[in-house]
> 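Dumping the structure here so I can ask a few things about it.
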Amino acid sequence: MEDGYKVVAVENPLTSLQDDINKTRDLIDAQDGKVLLVGHSYGGSVITGAGNHDKVVGFLWVDYEKFPESFCQDLPNDDAMVLAISQKPIHSNGFSDKLNCKPAWRTKPSWYQVSNNDNMIPPETELEMAKHINAKKIIHLNASHASLASHPKEIFSLITEAVNSLNSKLPSS
């Protein structure tokens with residue numbers, strides 16, 4: 001990370017609490033130096049079990065309650081928890097790196113789905129992006145940022161429409 005800290009995330013198998021604790025312990029073993037464990041919701045149980053390790057120096061619990069209202073307020077609680085515990089932090093470079101090639105949307109068709117209830121990216125910004133890339137079709141869903149999970153049928157329909165549009169332009173074999 002920017003401050004010189006190494007950040008790693010456990011890919012919990014989610015098969016049992018003990019399996020998740022074991023996977024976390026394996027990741028702790030692989031680290032050089034001391035470890036601060038960070039978890040939220042169910043992850044708090046995992047880090048509590050894995051924390052009895054010589055390299056672990058402390059714990060940080062994150063308020064899971066804020067995740068659903070920010071990211072996936074239109075999903076059932078169990079689905080929101082799965083999304084919350086599987087999210088990985090993005091490195092700060094992901095926000096500052098510059099694209100070193102021509103954007104593919106300049107030469108290839110695009111479609112866009114705007115989430116009207118997105119609390120992560122304002123819907124107005126999404127619409128601006130859709131217009132900027134000259135999307136062939138823009139659909140609006142009354143969805144959170146997690147529209148793929150909350151509106152899978154509508155997303156699949158847009159994908160199918162895009163595929164069919166592209167297939168009609170391909171030469172027949």
Side-chain angles (χ1 to χ4, degrees), residues 1-2 7-17 19-20 23-24 37-47 59-170:
M1 299 254 334
E2 201 169 73
V7 176
V8 293
V10 179
E11 297 246 0
N12 284 323
L14 301 176
T15 51
S16 71
L17 177 58
D19 287 347
D20 294 346
K23 185 73 170 180
T24 302
L37 292 178
V38 179
H40 60 85
S41 189
Y42 168 75
S45 298
V46 175
I47 67 174
F59 301 91
L60 173 71
W61 275 266
V62 178
D63 183 3
Y64 159 76
E65 298 304 320
K66 298 293 181 193
F67 182 86
E69 72 187 52
S70 300
F71 193 82
C72 54
Q73 69 273 16
D74 55 349
L75 288 178
N77 286 339
D78 287 349
D79 293 346
M81 183 180 78
V82 169
L83 282 178
I85 63 176
S86 62
Q87 290 300 300
K88 305 269 186 285
I90 187 169
H91 191 281
S92 60
N93 288 346
F95 297 106
S96 61
D97 283 351
K98 302 287 187 232
L99 191 62
N100 60 4
C101 62
K102 181 173 161 181
W105 52 260
R106 290 197 188 270
T107 58
K108 296 181 181 175
S110 301
W111 290 256
Y112 204 100
Q113 177 267 308
V114 174
S115 291
N116 293 336
N117 301 321
D118 196 327
N119 291 330
M120 301 300 290
I121 302 172
E124 298 80 14
T125 302
E126 293 180 26
L127 184 58
E128 286 175 22
M129 290 188 289
K131 289 177 179 177
H132 181 73
I133 67 170
N134 197 28
K136 289 176 62 114
K137 182 172 186 175
I138 302 168
I139 66 167
H140 292 258
L141 296 177
N142 290 325
S144 67
H145 191 73
S147 59
L148 291 164
S150 65
H151 290 77
K153 290 179 182 166
E154 294 90 337
I155 298 296
F156 181 76
S157 178
L158 183 60
I159 293 169
T160 301
E161 183 178 326
V163 168
N164 289 339
S165 172
L166 294 169
N167 281 340
S168 69
K169 293 181 170 67
L170 294 176

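All heavy atoms count here, side chains included; hydrogens, waters and symmetry mates do not. What you see is a predicted model, and the numbers here were worked out from it, not measured in a lab.
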> Evaluate the criterion side-chain contact (heavy atoms from CB on, under 4.5 Å) for residue pair Val114 and Leu141; output intermediate values, then yes/no.
CA-CA 6 Å; Val114 174; Leu141 296 177; over 6 Å; no
> Side chains of Ile155 and Gln113, heavy atoms from C-beta outward: is any pair under 4.5 Å?
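Side-chain contact under 4.5 Å: yes.
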> For the residue pair Pro152 and Ala149, what are the closest heavy atoms and their distance?
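Nearest heavy atoms, Pro152 then Ala149: CD-O, 3.5 Å.
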> Taking atom CG of Asp118 and atom OG of Ser70, what is their separation to the nearest 0.5 Å?
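Rounded to the nearest 0.5 Å, the CG-OG separation comes out at 10.5 Å.
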> Checking side chain to side chain contact (heavy atoms under 4.5 Å, CB included) between Ser144 and each of Gln73, His151, Met120, Glu69, which is the one that passes?
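Result for side chain to side chain contact (heavy atoms under 4.5 Å, CB included) with Ser144: Gln73.
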> Distance-only, no hydrogens or angles: does the Thr24 side chain make a donor-acceptor pair with backbone N or O of Asp20 under 3.5 Å?
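Looks like yes, one N/O pair under 3.5 Å.
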> The criterion is ring pair (Phe, Tyr, Trp, His ring centres under 6.0 Å); which residues satisfy it with His145, sequence neighbours excluded?
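Residues passing ring pair (Phe, Tyr, Trp, His ring centres under 6.0 Å) with His145: Phe71.
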> Report the C-alpha distance between Asn117 and Asp74 in whole Å, list the side-chain angles of each, state the deciding distance to 0.1 Å, and finish with yes or no for side-chain contact (heavy atoms from CB on, under 4.5 Å).
CA-CA 9 Å; Asn117 301 321; Asp74 55 349; over 6 Å; no
> Which pairs of donor and acceptor atoms, one on a side chain in residues 125-133, lie under 3.5 Å apart (sequence neighbours left out)?
residue	atom	partner	partner atom	Å
Glu126	OE1	Ser115	N	2.7

> Using salt bridge (charged side-chain N to carboxylate O under 4.0 Å, His left out) as the criterion, list what pairs up with Glu161, not counting sequence neighbours.
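Partners of Glu161 under the salt bridge (charged side-chain N to carboxylate O under 4.0 Å, His left out) test: Lys137.
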> In chain order, what residues pass the side chain to side chain contact (heavy atoms under 4.5 Å, CB included) check against Asn134, with sequence neighbours excluded?
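Listed in chain order: nothing, the list is empty.
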> What's the separation between atom CG in Leu83 and atom CG in Asp78, rounded to the nearest 0.5 Å?
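Between Leu83 CG and Asp78 CG, I get 11.5 Å after rounding to 0.5 Å.
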> Check side chain to side chain contact (heavy atoms under 4.5 Å, CB included) between Thr107 and all other residues, then give those that pass, not counting sequence neighbours.
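In terms of side chain to side chain contact (heavy atoms under 4.5 Å, CB included), with neighbours along the sequence ignored, Thr107 is linked to Lys102.
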> Tell me every residue that passes ring pair (Phe, Tyr, Trp, His ring centres under 6.0 Å) with Tyr112, counting only those two or more places apart in sequence or in another chain.
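Ring pair (Phe, Tyr, Trp, His ring centres under 6.0 Å) check on Tyr112 returns nothing, list empty.
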